[in-house]
There are 2 protein chains.
Amino acid sequence: MSSGCSRQYDEGRDSDVYGAALMAVSMHDVARAAGVSQRTVSNVVNNYEYVRPETRQRVLDAMAALGYVPNAAARSLRAARTGLIALVVPDFRARLFADLAGPVVREAEALGYTVLIELTEGDRARELKVLTGDRNQLTDGAIMVALSLRPDDGQRRRADYPVVLVGDEVLEGQIPHVGIPNREASLAVVRHLAGTGRRRLMLLGYAPDQSQTGRARLQGFLEGLEEAGLTAYEELLVEAGWAREDGRRAIEEHMDAGRPMPDAIFAMNDSCALGALRALYDRGVRVPQEVAVVGFDDAEEARYSTPSLTSVSPNVEALAGNAVAMLHEQITGKPSGHEPRIVVDFQLKVRESSQ
Amino acid sequence: MSSGCSRQYDEGRDSDVYGAALMAVSMHDVARAAGVSQRTVSNVVNNYEYVRPETRQRVLDAMAALGYVPNAAARSLRAARTGLIALVVPDFRARLFADLAGPVVREAEALGYTVLIELTEGDRARELKVLTGDRNQLTDGAIMVALSLRPDDGQRRRADYPVVLVGDEVLEGQIPHVGIPNREASLAVVRHLAGTGRRRLMLLGYAPDQSQTGRARLQGFLEGLEEAGLTAYEELLVEAGWAREDGRRAIEEHMDAGRPMPDAIFAMNDSCALGALRALYDRGVRVPQEVAVVGFDDAEEARYSTPSLTSVSPNVEALAGNAVAMLHEQITGKPSGHEPRIVVDFQLKVRESSQ
DNA sequence: GTGAAAGCGCTAACAA
DNA sequence: TTGTTAGCGCTTTCAC
């Protein structure tokens, strides 16, 4: 009962078609079938060099015959690492986060990791838990887009749980970080608009107590105005959320209130910009003839809106690639070739809405 | 050396800030600190009822003091299940797949699962591997959107690896499946168009050797025409891919070739429809006055295009919820309350493009 | 209510 | 080149 049977589910396997997903054939079973030791099977599975070809073949045959599949849990337990990394984002509805997932999965796979997804809904407690490693010891590390962390939360970080932050750099210098070139790109937008003769620029999506992202974009915007010798009109710093409805409503209210119109609108992101575009269309304001519109993120719909939307296109592949690479370095403990802080590059995609 | 020290990484932990992510404090350590047996710690961790409150508190304190976090690998190894399920999709760029991820993660979490993402790029070999369970024994099951499987691939399925297919039902009856109401919704679209006086309907995105999805939508389209007593014009069955550029190009070519114009276009999905919309706009064809346009999927951009796009909105939450529930039932081996085949409901969101 | 101990499947140190 | 074996951290059966 004990020596011959290494598993508890030998009986009733056929009837138990759906149960006990794991717990199939073990190395021990393969070893027995092939007439070798478990060690040899392990050697074959892990492509260990010094196995006689004939032995290897016998083991491979046995594996195929029995349908052997290595057990990840056992391997992880032994190796003290799971090969899993978490991608922690607020929400997949936000386009940029969904766009991040593909490249992250691809980059991770190239380094031998599998990616699992956690959704925080921007909840501070959940974001903190990632930082403090206060979850299952399931992942070797995490890439997180944090929305609600505060500057001093870095203190609470669990030292031995690798984390890379993407996006806002709330925890300056405390955690490795891959950022979006918010200030630089905003500057480039203003230069573009000023360079095509626009003089009265609106910043749409401003908020008094803003995210770092918002502040950086505002800063770049103001710097750009100054550089171009343009006036920063207070009534053209328009408060609004960053969703389409927000952009649409803000523009409608602005016009309804009879406030002076800009000749260019720089929205904090594409959603907001597209909402604005819609409002302008509804009111018969021609884009770009009367007002130019520029967004941020280069969401796919920016390319296909009517008119197509000029937008800042951050290098998402670089974002993902750097994040995964930095995480990998933390996990393997290798000295970092990357700086702990990286800002990826961007392109300004000039389209119909600003020409 | 052996009795007092249960871990090999006791020394040098502080210097080893990044290495050995797992392998932290074990139950054994907590037990020793709290002066109880490992069994008791386990009982506390798992909320076992019969633990004296005072003992429980002592254990909890020790856990907090040492920063204990349970080890998922060990637990999985013991339990013969990992609590992980895979969401296997071709690509996250396709809107619907990304939209699926959020609800799947949420539903899964409610049932105690964590979701990990695998990208197939529509590669047949990778899709097959999911079916045959020929990967790591890492997940308890998989939810897959398969693009390249063939009808008889079901044979090769590994009986004890739970899988639910979402979308196309290539493996009819062989694998539990949650589908999109392609035929029914297409029928509803034609009824809507015919009901608003349209007579010459184009189907955009037809392909000779089509996916099941395409065939079902075609079928619903044709049934609808027949029902409404309309003619199915062959030149209005327009071959095209389903991406925006495809839709745009197809319409451009159609017009350039001087082929007769429809008074309504039903595109196979929103991307394609939005491409068509753009082509019509560029050529000065008014939508919906001259031509109505309808899409499929109810992507977010459909709501915000100009004009906003009428579209079929499949119930994605239901899709995700049913898929996770069906998978869970397979995993736990419970008799299925659901049918092995489910088609979710839908809504036709009528917007400006068809009014 | 709690303790002792077996063993899940695997890797790797030690032997041979 | 291959065999033997000791655990990785956890759950759980069997005692007490």
Side-chain angles (χ1 to χ4, degrees), chain A residues 1-10 20-32 34-59 63 66 68-83 136-138, chain B residues 1-10 20-32 34-59 63 66 68-83 136-138:
Chain A
M1 191 59 181
S2 71
S3 73
C5 168
S6 71
R7 303 191 329 275
Q8 33 180 326
Y9 297 113
D10 269 338
L22 302 181
M23 182 96 351
V25 181
S26 79
M27 269 193 179
H28 184 251
D29 299 326
V30 176
R32 237 174 351 120
V36 298
S37 81
Q38 212 192 97
R39 159 76 202 256
T40 303
V41 179
S42 174
N43 284 343
V44 171
V45 169
N46 297 295
N47 285 315
Y48 183 63
E49 208 170 350
Y50 305 110
V51 180
R52 222 185 311 148
E54 152 201 335
T55 313
R56 182 185 299 275
Q57 195 51 55
R58 202 144 34 93
V59 171
M63 280 171 44
L66 298 179
Y68 170 76
V69 180
N71 180 309
R75 189 174 276 183
S76 301
L77 181 56
R78 220 18 263 237
R81 44 176 307 234
T82 59
N136 283 356
Q137 294 276 59
L138 176 59
Chain B
M1 191 60 181
S2 70
S3 73
C5 169
S6 71
R7 302 191 330 275
Q8 33 180 326
Y9 296 113
D10 269 339
L22 303 182
M23 183 95 354
V25 181
S26 79
M27 269 193 179
H28 183 252
D29 299 326
V30 176
R32 231 169 3 114
V36 298
S37 81
Q38 212 192 101
R39 159 75 202 257
T40 303
V41 179
S42 175
N43 283 343
V44 171
V45 169
N46 296 295
N47 285 314
Y48 183 64
E49 207 170 352
Y50 303 111
V51 180
R52 221 185 311 148
E54 154 200 332
T55 312
R56 181 184 300 274
Q57 194 52 54
R58 201 142 37 92
V59 171
M63 279 169 46
L66 298 178
Y68 170 77
V69 179
N71 180 310
R75 187 174 276 180
S76 301
L77 180 56
R78 221 19 263 244
R81 44 177 307 237
T82 59
N136 283 354
Q137 294 275 60
L138 177 59

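In what follows, every heavy atom counts, from backbone to side chain, and hydrogens, waters and symmetry copies are set aside. Naming: A, B, ... by sequence-line order, numbering from 1 per chain.
Five base pairs at each end of the helix from C/dG1-D/dC16 to C/dA16-D/dT1 define two local axes, and these are offset by 40° (rounded to 10°).
Rounded to an integer number of Å, the gap from A/Arg32 CZ to C/dG9 P is 12 Å. Protein atom CG of B/Asn71 is 13 Å distant from nucleotide atom C1' of C/dC8, rounded to whole Å. In this entry the distance linking CG of A/Leu77 with P of C/dC8 reads 13 Å, nearest Å. Put simply, CZ on B/Arg75 is 17 Å from C1' on C/dG7, counting in whole angstrom units. Look at CZ on A/Arg78: it is 15 Å from C1' on D/dC10, rounded to the nearest Å. Whole-Å rounding puts the A/Gln38 CD to D/dT4 C1' distance at 10 Å. A straight line from CE of A/Met27 to C1' of D/dT4 spans 15 Å, rounded to a whole angstrom. Taking atom NE2 on A/His28 and atom C1' on D/dT5, their separation rounds to 12 Å, with Å as the unit.
Evaluation of the side-chain contact (heavy atoms from CB on, under 4.5 Å) rule for B/Asn46 yields B/Ser42, B/Arg75 as partners, not counting sequence neighbours. Judged as a side chain to side chain donor-acceptor pair (under 3.5 Å), and not counting sequence neighbours, B/Thr55 has no contacts. In this structure, the side chain to side chain donor-acceptor pair (under 3.5 Å) partners of B/Arg39, at least two apart in sequence or on a different chain, are B/Asn43.
Close to C/dC8, at under 4.0 Å from its OP1 or OP2, lies no side-chain N or O of A/Ser26. Considering only side-chain N and O atoms, A/Ser76 lies nowhere under 4.0 angstrom from the phosphate OP1 or OP2 of D/dC8.
Distance alone, capped at 3.5 Å, is enough to place a donor-acceptor pair between the B/Thr82 side chain and the B/Leu138 backbone.
Residue B/Val36 has its side chain nearest to C/dG3 when only C/dG7, C/dA12, C/dG3 are considered. For A/Ala74, the listed nucleotide lying nearest its side chain is C/dG9; candidates were D/dC10, C/dA4, C/dG9. Listed candidates were D/dC10, D/dT1, C/dC10. Nearest to the side chain of A/Pro70 is C/dC10. Which of D/dT11, C/dA4, D/dC10 sits closest to the side chain of B/Ser42 comes down to D/dT11.
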Kindly indicate, with the supporting measurements, whether the criterion side chain to side chain contact (heavy atoms under 4.5 Å, CB included) is fulfilled by A/Arg56 and A/Asn47. CA-CA 9 Å; A/Arg56 182 185 299 275; A/Asn47 285 315; 4.2 Å; yes
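With rounding to the nearest 0.5 Å, the separation of NE2 in B/His28 from OH in B/Tyr68 is 12.5 Å. A/Asp29 CG to A/Gln38 CD: the interatomic distance, rounded to the nearest 0.5 Å, is 9.5 Å. Separation of atoms CZ (A/Arg78) and CG (B/Leu77) is listed at 12.0 Å; rounding is to 0.5 Å. Once rounded to the nearest 0.5 Å, the distance linking CD of B/Gln57 with CZ of B/Arg52 reads 13.5 Å.
The only option from B/Val41, B/Val44, B/Val36 that meets the side-chain contact (heavy atoms from CB on, under 4.5 Å) definition with B/Val51 turns out to be B/Val44.
Among all heavy-atom pairs drawn from A/Asn136 and B/Ala72, the shortest one is CB-CB, 4.3 Å. Annotation for A/Ser37 and A/Ala31: closest pair C-CB, 3.7 Å, computed over non-hydrogen atoms.
The residue B/Thr40 sits close only to the backbone: its heavy atoms come under 4.0 Å of sugar-phosphate atoms, none of a base.
Within residues 43-51 of chain B, the residues having any heavy atom under 4.0 Å from DNA chain C are, by residue number, B/Tyr50, B/Val51.
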Strictly under 3.5 Å: I want the nitrogen or oxygen pairs between protein and nucleotides 14-16 of chain D, one per line.
residue, atom, partner, partner atom, Å
D/dC14, N4, B/Arg39, NH1, 3.3

